[in-house]
Structure formats: structure tokens, C-alpha cells
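See below for the structure under consideration.
Heavy atoms only: backbone and side chains are in, while hydrogens, waters and symmetry mates are out.
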Amino acid sequence: MGFFTEMFARPRPQEHQRYRSALVLLHSMSNADRADIGIKPADFPRIAREMSVR
């Protein structure tokens, strides 16, 4: 049982939190902002992954 407790008690990796923050930022942009920089909602996961690694 110690294994399960350790598995669920560990904090999430920092990259995961940064990925979620990047997705929130991308979703909060207006359509005009997105068109300005030329990204589409289908690109959000890829862009968020790149942002979280940095």
C-alpha cells in the first residue's frame, strides 16, 4: 500500500503546471489576436508543449 500512497501523494511535475498555464493563456486570446500571429486552436497543444519546456 505504500507504493500507492507515494504515487498519489507526489506533487505534479513543474512542466505539467506550465503546460496548463500556457493553454489557459492561449485560450484567453481573442480571435483577432490569434489571427494577428497566425495560430489556430488546433495548434494550441503543440505551442503549449513548446512553451512549457522553456
Side-chain angles (χ1 to χ4, degrees):
M1 293 301 278
F3 170 74
F4 287 114
T5 303
E6 180 184 332
M7 185 172 74
F8 293 114
R10 277 187 276 168
R12 290 182 174 165
Q14 285 295 93
E15 295 85 26
H16 188 271
Q17 185 61 34
R18 288 192 301 246
Y19 175 77
R20 291 177 57 123
S21 299
L23 273 180
V24 168
L25 176 72
L26 290 169
H27 281 287
S28 68
M29 294 172 65
S30 70
N31 287 335
D33 290 337
R34 292 180 198 152
D36 231 10
I37 59 176
I39 62 170
K40 296 182 174 107
D43 298 330
F44 287 1
R46 178 185 52 82
I47 294 169
R49 256 185 266 114
E50 291 172 0
M51 289 171 69
S52 69
V53 171
R54 294 181 192 181

### Query
Does Val24 share a hydrophobic cluster with Val53, counting links as ILVMFWY side-chain heavy atoms below 4.5 Å and allowing steps through other members?
no

### Query
Got Pro41 and Arg34 here, is their nearest side-chain heavy-atom distance under 4.5 Å?
yes

### Message
Can you tell me how far apart CD1 (Ile37) and CG (Asp43) are? Round to the nearest 0.5 Å.
### Response
10.0 Å

### Message
Working to the nearest 0.5 angstrom, can you tell me the gap between Leu25 CG and Arg18 CZ?
### Response
14.5 Å

### Summary
Rounded to the nearest 0.5 Å, the CG atom of Asp33 sits from the CD1 atom of Ile39 at a distance of 9.0 Å

#### Entry: Interatomic spacing from NE2 in His16 to OG in Ser52 - rounded to 0.5 Å
10.0 Å

